[in-house]
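Remarks on the structure that follows.
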4 protein chains.
Amino acid sequence: MKEPRDAQVTRDNLIRAGLALIASQGYHATKVSEIVRRCGVTQAAFYWHFPSKLELVLELMASGRATLLDTLRRGYRDRIESVDDMVENSCRWFTDLLRYCHDNREYMAILLARGYGADPQIDRAIADTRTAMYEVLRGNIARAVDLGRLQPQATDLRAAFVHRLLEGSIEWWLFGHDYDLQHQPTVSTEVLARQLAEFEFYGLNGSGNAG
Amino acid sequence: MKEPRDAQVTRDNLIRAGLALIASQGYHATKVSEIVRRCGVTQAAFYWHFPSKLELVLELMASGRATLLDTLRRGYRDRIESVDDMVENSCRWFTDLLRYCHDNREYMAILLARGYGADPQIDRAIADTRTAMYEVLRGNIARAVDLGRLQPQATDLRAAFVHRLLEGSIEWWLFGHDYDLQHQPTVSTEVLARQLAEFEFYGLNGSGNAG
Amino acid sequence: MKEPRDAQVTRDNLIRAGLALIASQGYHATKVSEIVRRCGVTQAAFYWHFPSKLELVLELMASGRATLLDTLRRGYRDRIESVDDMVENSCRWFTDLLRYCHDNREYMAILLARGYGADPQIDRAIADTRTAMYEVLRGNIARAVDLGRLQPQATDLRAAFVHRLLEGSIEWWLFGHDYDLQHQPTVSTEVLARQLAEFEFYGLNGSGNAG
Amino acid sequence: MKEPRDAQVTRDNLIRAGLALIASQGYHATKVSEIVRRCGVTQAAFYWHFPSKLELVLELMASGRATLLDTLRRGYRDRIESVDDMVENSCRWFTDLLRYCHDNREYMAILLARGYGADPQIDRAIADTRTAMYEVLRGNIARAVDLGRLQPQATDLRAAFVHRLLEGSIEWWLFGHDYDLQHQPTVSTEVLARQLAEFEFYGLNGSGNAG
DNA sequence: GATGAATGAGGTTTCATTCAT
DNA sequence: TATGAATGAAACCTCATTCAT
């Protein structure tokens with residue numbers, strides 16, 4: 001259990017600082033000079049750890065993607081005999097996801113709003129991750145259709161609805177209406193997850209058995 | 001025999017070129033030199049028409065905002081005796097909105113994904129417009145609650161859901177999963193509007209009387 | 001006859017300063033910052049006139065090459081009935097060439113010694129020009145062989161000898177033994193040309209009719 | 001079971017790698033990082049062996065100079081009763097020299113073309129060695145003049161001719177017209193030496209008794 | 001209304017060199 | 001003897017912006 005090597009600390013600091021700055025200002029507005037100033041090292045040190053500013057971001061995105069997809073795929077146990085079972089499943093799954101997002105708000109900021117348009121490679125990294133999220137949701141809906149729990153109608157389209165509902169709501173939850181990085185959620189994880197699940201299956205009209 | 005291309009024409013060209021470039025590359029990646037190159041004028045000409053690159057964008061956003069809000073507020077005739085009436089209303093309103101978005105895809109690209117993180121003033125312009133859209137939706141839901149057509153429950157939250165569902169779905173519709181500016185919609189305006197309205201009120205479970 | 005435009009003056013200054021610096025320090029040691037300092041303009045001005053430092057040099061080399069080849073090809077009137085006629089022809093031709101070299105010593109410095117190893121494109125530019133010079137000399141020898149004035153023996157090899165004798169002697173003449181850019185020729189153009197021509201045809205042993 | 005590669009081995013490797021790189025790319029384009037990468041050691045190791053990159057090169061040049069001068073001075077046995085004796089002597093001497101150059105082509109690359117303009121100290125090292133070579137040649141000619149074998153005319157100038165003819169021809173022989181480090185000689189050592197010696201004393205016109 | 005030419009500030013990246021271990 | 005990690009100085013180049021004409 002040897003103590004963490006200095007280099008690793010510096011490297012982690014650089015990643016953290018880069019993440020924070022890019023989340024709040026975007027890629028182009030974030031200068032290497034500012035990243036290193038926050039870490040108390042020189043710019044040359046940055047380039048010892050990373051081949052370029054772009055590579056730092058791509059590494060950032062890749063590691064965020066890995067942990068996010070991990071979370072996404074863990075969920076959805078399959079006992080679904082009724083629509084209400086599906087609501088329950090969705091609710092649990094959303095809860096896990098929201099916790100992840102809450103704990104990784106800076107990564108989510110880049111993924112959901114501050115990333116596009118920075119650089120083609122970053123665009124791709126974001127699009128890939130978002131598409132992966134869509135695929136998971138689409139898979140779940142398709143399975144429910146196969147089991148006869150949902151009507152076999154416009155699966156892709158409705159998966160896109162759920163996907164965008166979910167992403168957009170997370171963005172709103174974490175950053176508010178004006179995309180403020182300092183915004184604090186006004187709703188608890190549990191309430192949001194439940195309301196989202198209700199809305200997902202019953203829309204504004206509700207289930208009929210709501211309180 | 002130069003045709004009399006007056007100042008207004010140049011100005012409009014600059015705005016159009018700026019809009020196209022920013023929509024596809026983002027604010028920082030869009031250079032004044034590129035904008036003017038597309039218009040066949042010099043950079044100094046740009047600065048005769050606009051005080052700065054930022055001002056061009058802000059003007060862009062303001063004019064987009066005006067026409068968008070115009071469209072948004074035109075809708076929603078008030079005869080709502082049943083939920084199905086509301087679905088019909090939503091459907092008509094969505095249709096108008098989608099038409100606008102389709103006709104202004106570059107502005108929507110900036111508004112929905114390529115704008116944040118460019119500059120605090122741009123961020124504000126975007127946030128304001130998006131919030132205005134949310135307010136319209138929230139107002140409609142609140143009215144339905146007042147009229148006893150919807151349950152008086154979590155109005156803000158559910159307005160946020162609808163708002164993000166709508167925005168996100170438009171983004172997907174216009175630009176696909178990987179935010180490709182060249183993407184072509186795979187669903188017609190009418191079908192998307194109807195499906196959105198159905199989903200808005202009944203969720204994945206559907207209305208029961210769907211085809 | 002309008003007075004020379006400012007821009008052209010600046011551009012010429014930059015070229016001249018670049019030529020002088022590269023001739024004396026080599027390509028890599030010559031900094032854009034130094035070039036512009038000598039011209040009293042900013043670095044951005046440099047990049048308004050030239051796309052890059054490399055392009056400045058390539059332009060330099062290209063224009064030097066053009067005038068040099070022009071000089072090279074002007075020479076060699078064809079009356080050669082005896083070896084002594086050839087010596088006379090060579091002498092005149094060398095005189096022209098030496099005058100050019102004397103008037104363009106900075107370009108010659110780059111071409112003959114300070115250029116190689118700077119950049120692949122520069123290497124090519126130099127090699128091309130030197131090869132062109134060799135070809136002219138080889139052509140002359142080949143013609144003399146065809147006319148029966150020289151023995152048909154190892155033409156390529158002996159052309160290479162003459163070429164390198166000439167280049168090397170020019171280098172020595174202009175820059176001395178230690179390649180000093182400030183060196184002043186110790187021999188007049190005419191004497192050098194005559195001695196070179198004698199050596200070219202008779203070697204150290206001489207013509208027998210020398211003084 | 002690491003083989004005992006002691007300090008001297010590492011040092012020699014560094015020198016060899018440096019020599020190869022500088023010969024092919026020039027001084028400035030050769031990075032310490034690249035030298036050490038080829039040797040499998042770190043940059044800090046480099047600086048344990050050498051005080052600076054410049055010192056490595058100077059050492060390189062000094063050792064090349066020592067062996068070259070050794071070769072140069074070994075030659076020229078003094079029996080010269082006729083010009084043909086001198087041709088024979090030159091031929092033998094050139095043969096030795098060409099062998100050396102062939103075996104040390106990387107050093108010759110730096111000495112003859114890739115060195116100038118790198119750094120004042122390197123320039124000096126090169127100039128000194130080349131001047132030493134000139135002195136040897138001049139001494140031989142002077143002796144021949146003293147012995148009455150050559151005419152007492154323009155000794156310095158003609159020594160310079162011979163010197164530059166020799167150097168330039170070696171450069172051409174080793175690296176071709178476009179200074180390609182990979183070039184293979186197209187003429188054997190013996191043929192080149194003989195032709196050079198013939199040319200040295202008789203020029204293009206030849207000896208009259210040539211084959 | 002527009003141009004040609006220039007500025008100034010700052011960006012990313014490079015590279016020889018050093019120092020604690 | 002050597003390494004891993006860092007420094008400092010400076011290089012090339014970019015780009016929004018300006019100004020005289």
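Letters A, B, ... are given to chains in the order of the sequence lines, protein chains preceding strands, and every chain is numbered from 1.
When the P atom of E/dG4 is taken as reference, atom CH2 of B/Trp48 falls 17 Å away, rounded to whole Å. Between the CG atom of B/Asn13 and the P atom of E/dG1 there is a distance of 14 Å, rounded to whole Å. The CD-P distance, from A/Gln8 to F/dG4, rounds to 15 Å in whole Å. Put simply, CG on C/Asp119 is 14 Å from C1' on F/dC12, counting in whole angstrom units. F/dG4 atom P lies 15 Å from atom CZ of A/Arg11, rounded to whole Å. Atom pair A/Phe50:CZ and E/dT12:P shows a separation of 15 Å (rounding to whole Å applied). Distance CG (C/Leu14) to P (F/dC13): 14 Å, rounded to an integer number of Å. Atom CG in A/Leu56 sits about 12 Å away from atom P in E/dT12, given to the nearest Å.
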Please report, to 0.1 Å, the donor-acceptor pairs under 3.5 Å made by any side chain of residues 115-126 of chain B, with sequence neighbours excluded.
{"unit_1": "B/Asp119", "atom_1": "OD1", "unit_2": "B/Gln121", "atom_2": "N", "d": "2.7"}
{"unit_1": "B/Asp123", "atom_1": "OD1", "unit_2": "B/Gly117", "atom_2": "N", "d": "2.9"}
{"unit_1": "B/Asp123", "atom_1": "OD2", "unit_2": "A/Arg114", "atom_2": "NH2", "d": "2.4"}

Between side-chain atoms of residues 34-45 of chain B and protein atoms elsewhere (two or more places apart, or another chain), which donor-acceptor pairs fall under 3.5 Å?
{"unit_1": "B/Glu34", "atom_1": "OE1", "unit_2": "B/Arg37", "atom_2": "NH2", "d": "3.1"}
{"unit_1": "B/Glu34", "atom_1": "OE2", "unit_2": "B/Arg37", "atom_2": "NH2", "d": "3.3"}
{"unit_1": "B/Thr42", "atom_1": "OG1", "unit_2": "B/Ala45", "atom_2": "N", "d": "3.4"}

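D/His49 meets the side chain to side chain contact (heavy atoms under 4.5 Å, CB included) test with D/Ala7, D/Thr10, D/Arg11, D/Leu14; sequence neighbours excluded. The ring-ring contact (aromatic ring centres under 6.0 Å, His included) test applied to B/Phe46 returns B/Phe50, not counting sequence neighbours. For A/Tyr27, there are no ring-ring contact (aromatic ring centres under 6.0 Å, His included) partners two or more places apart in sequence or in a different chain. Listed by chain and number, the residues in a side chain to side chain contact (heavy atoms under 4.5 Å, CB included) with A/Asp178 are B/Ala127 (sequence neighbours excluded). Residues forming a ring-ring contact (aromatic ring centres under 6.0 Å, His included) with C/Tyr107 (at least two apart in sequence, or on another chain): none.
Between C/Thr10 and the phosphate of E/dA6, there is a side-chain N or O to OP1/OP2 separation shorter than 4.0 Å. Side-chain N/O atoms of A/His49 include none lying less than 4.0 angstrom from OP1 or OP2 on F/dG4.
Here the shortest heavy-atom pairing between A/Leu60 and A/Ile15 reads CD1-CG2, 3.3 Å.
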**OP:** Map every base of DNA chain E to its dot-bracket character, where paired means a Watson-Crick or G-U wobble contact with both distances under 3.5 Å and | marks a partner outside the strand.
**Re:** .||||||||||||||||||||
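Among the nucleotides E/dA6, F/dA6, E/dT3, the one closest to the side chain of C/Ala7 is E/dA6.
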**OP:** Classify every nucleotide of nucleotides 15-21 of chain F by which part a protein heavy atom approaches to under 4.0 Å, writing B for the base, S for the sugar-phosphate alone and - for neither, in 5'-to-3' order.
**Re:** BBBBB--
Subject >> Residue pair B/Phe175, B/Arg105: steps toward the side chain to side chain contact (heavy atoms under 4.5 Å, CB included) verdict >> reply: CA-CA 9 Å; B/Phe175 309 115; B/Arg105 47 184 297 133; 3.5 Å; yes
